[in-house]
Amino acid sequence: MEMHNVPLRGIKVDPLAHELATSKDMRPYLDCVITAYRNNAIGLDAALQVVRDLPLEKRYTWRVFSALKWAFADFEDEYVALDLPHIPEPTRSEMTKELELHLQQLRMLLQTFHTE
């Protein structure tokens, strides 16, 4: 994959992704990243302890797994095959690009699990 510099105003953010990223449940994770970026070791220990103490259903990883569970709970490739001839281009191409992005994200998730 080739990397490109993109100005901040050139980044498109899905409204739902923005809502999730700025939700109160993300605050402990953002605090960790911000504290680590500021190179504050004492603050980082406290921020990490907040994440450690989160119940499973408040964790970021749980949110990802729950979304995947809902997405694939009744998945049938035969139903997709029935739909595809009736989804016009360029919608189908956009859907393919999005699926490819999500596949990369899923690979990253699996890699993270395998390295922990």
Side-chain angles (χ1 to χ4, degrees):
M1 178 190 298
E2 191 175 331
M3 297 192 49
H4 301 278
N5 287 328
V6 177
L8 283 177
R9 67 181 102 76
I11 298 174
K12 297 177 186 174
V13 178
D14 182 283
L16 179 58
H18 177 73
E19 182 181 331
L20 289 169
T22 58
S23 71
K24 69 178 181 131
D25 288 341
M26 281 303 295
R27 192 74 233 173
Y29 296 95
L30 292 173
D31 288 345
C32 280
V33 171
I34 290 167
T35 305
Y37 180 76
R38 291 182 178 156
N39 210 11
N40 179 350
I42 296 169
L44 183 57
D45 285 340
L48 285 169
Q49 189 60 49
V50 171
V51 172
R52 281 186 208 108
D53 292 342
L54 289 172
L56 181 60
E57 63 275 0
K58 292 287 187 179
R59 293 183 174 277
Y60 175 80
T61 303
W62 184 255
R63 184 173 82 194
V64 171
F65 274 83
S66 295
L68 287 169
K69 188 175 180 178
W70 274 98
F72 291 107
D74 70 340
F75 175 75
E76 273 296 334
D77 61 333
E78 291 178 13
Y79 296 160
V80 175
L82 289 171
D83 275 341
L84 285 179
H86 310 289
I87 298 174
E89 288 293 341
T91 303
R92 203 168 148 169
S93 291
E94 284 300 313
M95 291 171 77
T96 301
K97 286 178 190 174
E98 231 175 284
L99 283 170
E100 289 169 350
L101 171 63
H102 294 316
L103 179 58
Q104 287 177 344
Q105 291 170 316
L106 184 57
R107 285 183 182 135
M108 291 166 56
L109 176 64
L110 284 169
Q111 184 64 39
T112 302
F113 266 81
H114 288 300
T115 57
E116 285 299 309

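Basis for what follows: all heavy atoms, side chains included, without hydrogens, waters or symmetry-related copies. Bear in mind that the values here come from a model prediction, so they are computed numbers and not experimental data.
One distance of note links NE2 of H114 with CG of L109; it measures 9.5 Å at 0.5 Å rounding. The distance from the OG1 atom of T35 to the CG atom of L30 is 10.0 Å, given to the nearest 0.5 Å. Rounding to the nearest 0.5 angstrom, the gap separating the CG atom in D25 from the NZ atom in K58 is 4.5 Å. Atom CG of D31 is separated from atom CE of M26 by 10.5 Å, given to the nearest 0.5 angstrom. The CH2 atom of W62 sits 14.0 Å away from atom CG of L54, with the distance rounded to the nearest 0.5 Å. Of the inter-residue distances, the one linking T22 atom OG1 with R27 atom CZ reads 10.0 Å to the nearest 0.5 angstrom.
You'll find the side chain of F65 stays beyond 4.5 Å of the side chain of L56, heavy atoms only.
For T96, there are no side chain to side chain donor-acceptor pair (under 3.5 Å) partners two or more places apart in sequence or in a different chain.
Under a 3.5 Å cut-off, the side chain of T115 and the backbone N or O of T112 do form a donor-acceptor pair. For the pair Y29 (side chain) and Y60 (backbone), a donor-acceptor distance under 3.5 Å is present. Not a single donor-acceptor pair under 3.5 Å links the side chain of S93 to the backbone N or O of E89. In this structure, R59 contributes its side chain and R52 its backbone to a donor-acceptor pair below 3.5 Å. Although no hydrogens or angles enter the test, the distance criterion places no donor-acceptor pair under 3.5 Å between the side chain of S66 and the main chain of R63.
Considering R107, Q105, E100 as possible partners of L103, the one that fulfils the side chain to side chain contact (heavy atoms under 4.5 Å, CB included) test is R107.
Across all non-hydrogen atoms, the minimal contact from M95 to I87 is SD-CG2, 3.9 Å.
Residue F75 qualifies as enclosed at atom CZ: its count of foreign heavy atoms under 6.0 Å is above 12.
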